[in-house]
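The structure appears right after this line, and notes come after that.
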Amino acid sequence: MAEEAFARAVDDGLKLTKRLVLPGGGGLPPPRPPQGMDRDDPAAVHGAWLQHLLPAAPMAYAVVVDPGAVDSPDVPSYQPHVYGRLDPPALIPLQMREVDLRVDCVAGGCATAEVALRARWWVHCVTRSRACHCRVVVPMGHQGSILGAEVTVGKRSYNTHVIDTEDNSAVKISMPESGGLLKQELFSLTIPQVGGGEDIFATIRWSQKLLYDNGQFSVEVPFRFPQFVNPLPKVFMKKEKIQLTVNSGVSKEVILQGTSHPLKEKGRQSEKLSFLHEAAVENWSTKDFTFTYTVYSGDLSGRVLVKPSTLRDYDDRDMFCLFLLPGRNEDRKAVVYIIDTSGSMQGKPLESVKNAMATALSDLVQGDFFNIIAFNDELHSFSSCLEQVNDKTIENAIQWMDLNFVAQGGTDIMHPLSEAMTLLSNSHGALPQIYLVTDGSVDDERNICHTVKTQLVNRGPKSPRVSTFGLGSYCNHYFLRMLASIGKGHYAAAFDTGSIEGRMVQWFQKASNTIVSNISIDAIKHIQEFEVDSEYIPDVSAKYPLCVSGRYHGKLPETLIAKGHLADMSEISIELKVHHVKDIPLDKLLAKQQMDLLTAKAWLSENKELERKVVKLSIHNSLPSEYTRMVLLQTSLDKIDPAQQAKNKPIKQSSPDERSAMPLRGLTLGFGDVTATRENLTTGFGDIKPHEQFEIFEKAVGCCSRVADCFCCMCFIKACSKMNDQCAVVMMQACAALACLGCFECCSELCCGGAN
């Protein structure tokens, strides 16, 4: 697994730090084992080991290929020289000298937080006469999306930049890949050749979704620093600073519920609150930064936020964001679960889906109806009709899943969708819903969207809601997003096996707790142009606020009316005040959502004009898209002012012609992989991809880099083109010894099968 390879590299790096002699005397204290670990449970021990070594806060690592370079830059240890090279390289966590966290939350509308983290690390583990690559790794919060990064090292500056994939004149990409997403919500950058003792100044910005549960909004930012990144307190004074702003977006009362760090309220102006935490600390934070608050809303309520377009906007129409805060849920459901059981789902993915399904079934109540369809290139149903929920049917359904959720065969999506539509032709007066879970792509996805849209329109207001969940990177997530938009449902995804169960449970709860359906806005009565970004306005869920963005031209009235249907099909009207905002950056907060919906529309219609809109939106907001790419630009600084350097603000930059660009990978989803789906490949999940997913950089080509993997001298000579005479002597001796032991034949068979 990629996570295990990364953790093992960090473990190797921590072992190398025993060579260090730190300022003030003494070596680096060994890392403490995780507390509360059951040592009799191997799985628990292994899990705790992984969690202890994987980044749970922004971190920087020295990428060490030559262990002989590991030494204190200030106080040399004069330890014996170490021969050989490390392949793969070890990762030594760098000590952090400064950290400043800023979090701006907007609850109303998009329920999004924009996070900016500024940190300073120093390369404390490499002698001043040597240099190494350094990797900055940033875990982002819930549904995190990178917005940008700036790094300064000495007289070099690195900045992320989004370019059009079709514009070859934008920058010259002449360097190897320098990072990207190691896995979902884990961003990394590699800075080449940082000298021992140098400081690394970095500012990383990302956006993430707020969590919502029973009326409470909360933000959780990864901020748990391990003990081994703390400099010695006698040498460095550590200052921790956290700034938080909360803009509720509504005129309702905001009630603070709790925070992980001591925050002082600094200001309260209308709907905006600001807080500050600033203190000298002995150790960096050992817990995530969390903040929870409630926006009082006794019943369904909302607002419309509007903002004029800007000169650089991709659309000259003004922008609006309509949001509704949910109330109570009293709706009955008629549900059909459609679960992909093709061969690529084998192992943990299908087991996680089965566990999430068991939780979803247990959440059904008396009066609900359900059925389950397992599909590959065939179809298997739990029942020939909708079953009423009771203890016996739920128990039978779980036993049926144990027998029928077997990973085998291909993928056919249209057949089970049609079967589900037929089953829900009589939903017993309940709101009909379809949940589709798949990890694959098929050839007829556009045809599926058009067919489902026609069927839903023909069924009228009581048509089934279609929600979709994508597993891994081989399914077409834009197809699934568009299908959910057509079906007025909800889309979600999981890209590594460890997150499948939790995210599926959240998705089930969000999609199944509908309180208002068939929503319409009366804006068209007042203005001629009023366009919603999504295909249709989704239903309101009791589990999460509804956010709908779009564009309009004209002048909106002070109040709009939203209409919809309750569970008994009675009509409800909701008054929405129109609020012109100035201090909420609606364009940036909504950019990711708008870009995803526009990309799905462009894919479905194969419309080049929509693709160009996505490009403009992507470049304007520095967000990578399917039609752009994010690169890391290197710039040489002519002069550095020490006072400005401390603030990470370069004075003068060289001309664009002097810049070189390094591409960042893994930041987009693509449009699925039909070939991989046909072949039932299981590597579409981030944690079971080939090991190069976490590869630090190209393998060292020095001598003896593959001694541990290859014992046959002929194979070794083929694998290591720069082997010197000493290496050849060692290999001949090893082969002779193995031959004497009678295992030369099996050794040759082993390495001849893997030497390439």
Side-chain angles (χ1 to χ4, degrees), residues 213-214 326-341 350-375 378-406 416-437 459 461-469 487-490 492 500-517 539-544 565-570:
D213 184 32
N214 293 324
R328 296 180 180 179
N329 174 39
E330 298 178 355
D331 200 2
R332 293 189 304 119
K333 300 178 286 294
V335 183
V336 177
Y337 302 94
I338 305 176
I339 308 299
D340 187 345
T341 59
L350 190 56
E351 192 64 32
S352 299
V353 169
K354 190 189 302 182
N355 293 339
M357 277 291 300
T359 302
L361 291 174
S362 66
D363 288 340
L364 297 176
V365 297
Q366 294 284 344
D368 291 342
F369 294 82
F370 78 100
N371 203 343
I372 306 171
I373 298 175
F375 76 94
E378 297 180 352
L379 187 149
H380 304 277
S381 298
F382 167 64
S383 176
S384 59
C385 61
L386 293 176
E387 294 287 342
Q388 191 164 7
V389 170
N390 56 54
D391 292 342
K392 184 63 176 176
T393 54
I394 296 300
E395 181 182 351
N396 291 341
I398 292 175
Q399 292 176 357
W400 181 86
M401 288 193 300
D402 290 336
L403 294 174
N404 290 274
F405 277 20
V406 179
L417 276 173
S418 299
E419 180 68 15
M421 292 281 191
T422 302
L423 287 169
L424 291 170
S425 57
N426 179 13
S427 59
H428 304 278
L431 182 67
Q433 297 185 345
I434 296 173
Y435 299 138
L436 170 66
V437 180
R459 297 279 282 269
K462 209 60 170 165
S463 62
R465 273 39 185 167
V466 181
S467 294
T468 58
F469 193 94
K488 300 182 182 180
H490 300 272
I500 292 175
E501 184 175 346
R503 293 200 174 182
M504 274 193 68
V505 169
Q506 292 176 353
W507 169 69
F508 279 137
Q509 292 174 346
K510 181 179 179 181
S512 63
N513 287 275
T514 300
I515 54 178
V516 180
S517 60
D539 296 337
V540 180
S541 169
K543 293 297 183 179
Y544 207 78
H565 292 109
L566 297 174
D568 58 1
M569 295 306 293
S570 61

Test item: R465 side-chain N/O and S463 main-chain N/O as donor-acceptor pair under 3.5 Å | yes

Are M504 and S352 side-chain neighbours, meaning at least one heavy-atom pair lies under 4.5 Å?
-> no

Looking at side-chain heavy atoms only, is the closest gap between D391 and E395 below 4.5 Å?
-> no

Under a 4.5 Å cut-off applied to non-hydrogen side-chain atoms, are L417 and F375 in contact?
-> no

For the pair Y337 and Y435, name the ring-plane relationship: parallel under 30°, tilted 30 to 60°, perpendicular over 60°.
-> tilted

Roughly how far apart are T341 OG1 and K354 NZ, rounded to 0.5 Å?
-> 11.0 Å

Between the side chains of T393 and N396, is a donor N or O closer than 3.5 angstrom to an acceptor N or O?
-> no

Parallel, tilted or perpendicular for F469 and W507, by the 30°/60° rule?
-> tilted

Taking the side chain as every heavy atom from C-beta outward, state whether H428 and Q388 have any atom pair closer than 4.5 Å.
-> no

Worked verdict on S425 versus R459 for side chain to side chain contact (heavy atoms under 4.5 Å, CB included) = CA-CA 9 Å; S425 57; R459 297 279 282 269; 4.3 Å; yes

Check for a donor-acceptor pair, side chain of N371 on one end and backbone N or O of C385 on the other, with a separation under 3.5 Å.
-> yes

Do N355 and E351 come close enough that some side-chain heavy atom pair is under 4.5 Å?
-> yes

Just how far is it from atom CD1 of I394 to atom CD of E387, taken to the nearest 0.5 Å?
-> 10.0 Å

Sub-3.5 Å donor-acceptor pair from the side chain of S512 to the main-chain atoms of F508, do we have one?
-> yes

Interatomic spacing from CD1 in I434 to CD1 in I373 - rounded to 0.5 Å | 8.0 Å

Interatomic distance, L424 atom CG to E419 atom CD [nearest 0.5 angstrom] | 10.0 Å

Indicate the atoms forming the closest heavy-atom contact of I338 with A420, along with that distance.
-> CD1-CB, 3.7 Å

Grab the two heavy atoms, one from S381 and one from W400, that are nearest each other, plus how far apart they are.
-> C-CZ2, 3.4 Å

Salt bridge flag under 4.0 Å for residues K488 and D539 | no

Does any non-hydrogen side-chain atom of I372 lie less than 4.5 Å from one of L361?
-> yes

What distance do Q433 atom CD and F369 atom CZ have between them, rounded to the nearest 0.5 Å?
-> 14.0 Å

Heavy-atom closest contact (L386 atom, V336 atom, distance) = CD2-CG2, 3.9 Å

Taking atom NE2 of H380 and atom CG of L403, what is their separation to the nearest 0.5 Å?
-> 12.0 Å

Does the side chain to side chain contact (heavy atoms under 4.5 Å, CB included) test come out yes or no for M401 and I339, once each step is laid out?
-> CA-CA 10 Å; M401 288 193 300; I339 308 299; over 6 Å; no

Any side-chain heavy-atom pair from P326 and K543 closer than 4.5 angstrom?
-> no

Keeping the roles fixed (side chain from D368, backbone from V365), state whether a donor-acceptor pair exists under 3.5 Å.
-> yes

Taking the side chain from S427 and the backbone from A430, do they hold a donor-acceptor pair closer than 3.5 Å?
-> yes

Identify the heavy atoms of A397 and F370 that sit nearest to each other, and give their distance.
-> CB-CE1, 3.8 Å

Could you tell me whether the side chain of V516 reaches within less than 4.5 Å of the side chain of L566, counting heavy atoms only?
-> yes

